[in-house]
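Have a look at this one.
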Amino acid sequence: MNKKITALHTQFTRLRQVHDALTSFNQSFSAFLFGMAAVNGIQEWKETFSHEHIEQYEKVSPQVPDKVLLTKKRKRTSPAVKQTAQINILKVIDDLPRKYREQTQYMASIKSILKVLKQHPEGLFLKSIVAETKMPRYKVTECVNALVHSKLVLRQSSKGQYTTFKLDPSKYPTFTNLDQ
């Protein structure tokens, strides 16, 4: 009887280890699927691409470095006038789910993303946010999607273009501030 109980205990321990491994895998895989869904929301593919499509595209379009695509000139009416958004970052974080309020790493990520979006009231592409925050794309995607789901950031997309993310102007209007 003692051997059977010991064997049962060993099997339950192994089952718990399998459960823990599956839980960890599910969290990682769900983040991957969420990223895939976000990419699908950014770009609508009409057909699957093959190597022939890529070769044809490379022949037609010139090579443009990524840095050139990321830079965007901002218009200013005067050197003394600057557009910024009024935003209390800590108040915004209080409106987010518990994960982003209580875990320091997520809170820091949200703060840096909000600071970047605050500097660009016209909005930014996801790639530009990644470049300016110097954070991994998956983390930026996760944080931006949390902000979008909390209705603090707007997701704007047009047919054939990348999605732009910007602070919701109804909640965080820009104002003209004279630098003194």
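Numbers here are sequence positions counted from 1.
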Shared ILVMFWY cluster between Met107 and Leu117, side chains joined below 4.5 angstrom?
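Yes, Met107 connects to Leu117 through the hydrophobic network.
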Identify, with sequence neighbours excluded, every residue that meets side chain to side chain contact (heavy atoms under 4.5 Å, CB included) alongside Ser109.
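Partners of Ser109 under the side chain to side chain contact (heavy atoms under 4.5 Å, CB included) test: Met135, Lys139, Cys143.
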How long is the gap from CD1 on Ile129 to CZ on Arg137, to the nearest 0.5 Å?
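So the CD1 of Ile129 and the CZ of Arg137 are separated by 10.0 Å.
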Could you tell me the separation between the CD1 atom of Ile113 and the OG1 atom of Thr141, rounded to the nearest 0.5 Å?
8.5 Å
Locate the shortest heavy-atom distance separating Ser112 from Thr133; write the atom from each residue and the value.
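Smallest interatomic distance, heavy atoms only, reads O-CG2, 3.9 Å.
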Heavy-atom pair with the smallest gap, counting every atom of Thr164 and Phe125
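Here Thr164 and Phe125 meet closest at OG1-CE2, 3.6 Å.
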Under 3.5 Å, which donor-acceptor pairs link side chains of residues 9-16 to any protein atom two or more places apart or in another chain?
{"from": "Thr10", "atom 1": "OG1", "to": "Thr6", "atom 2": "O", "distance (Å)": "2.9"}
{"from": "Thr13", "atom 1": "OG1", "to": "His9", "atom 2": "O", "distance (Å)": "2.9"}

side-chain contact (heavy atoms from CB on, under 4.5 Å) assessment of Asp168 paired with Leu152:
CA-CA 6 Å; Asp168 186 355; Leu152 301 168; over 6 Å; no
For Glu132, all residues meeting side chain to side chain contact (heavy atoms under 4.5 Å, CB included), sequence neighbours excluded:
Val116, Gln119, His120, Leu124
Closest heavy-atom contact between Leu96 and Ser150?
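Nearest heavy atoms, Leu96 then Ser150: CD2-OG, 3.4 Å.
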Please answer: with hydrophobic residues joined when any side-chain heavy atoms are less than 4.5 Å apart, are Val148 and Val140 in the same cluster?
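Per the 4.5 Å side-chain linkage, Val148 and Val140 are co-clustered.
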Pair Leu114-Leu167, side-chain contact (heavy atoms from CB on, under 4.5 Å): steps then yes or no:
CA-CA 8 Å; Leu114 288 172; Leu167 292 173; 3.9 Å; yes
Validation: residues 18-32 side-chain donor-acceptor distances under 3.5 Å, sequence neighbours left out:
{"from": "Thr23", "atom 1": "OG1", "to": "His19", "atom 2": "O", "distance (Å)": "2.9"}
{"from": "Asn26", "atom 1": "ND2", "to": "Leu22", "atom 2": "O", "distance (Å)": "3.4"}
{"from": "Ser28", "atom 1": "OG", "to": "Ser24", "atom 2": "O", "distance (Å)": "3.3"}
{"from": "Ser30", "atom 1": "OG", "to": "Asn26", "atom 2": "O", "distance (Å)": "3.1"}
{"from": "Ser30", "atom 1": "OG", "to": "Gln27", "atom 2": "O", "distance (Å)": "2.9"}

With side chain to side chain contact (heavy atoms under 4.5 Å, CB included) as the test, pick out the partner of Arg155 among Asn145, Leu126, Val144.
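The passing option is Asn145.
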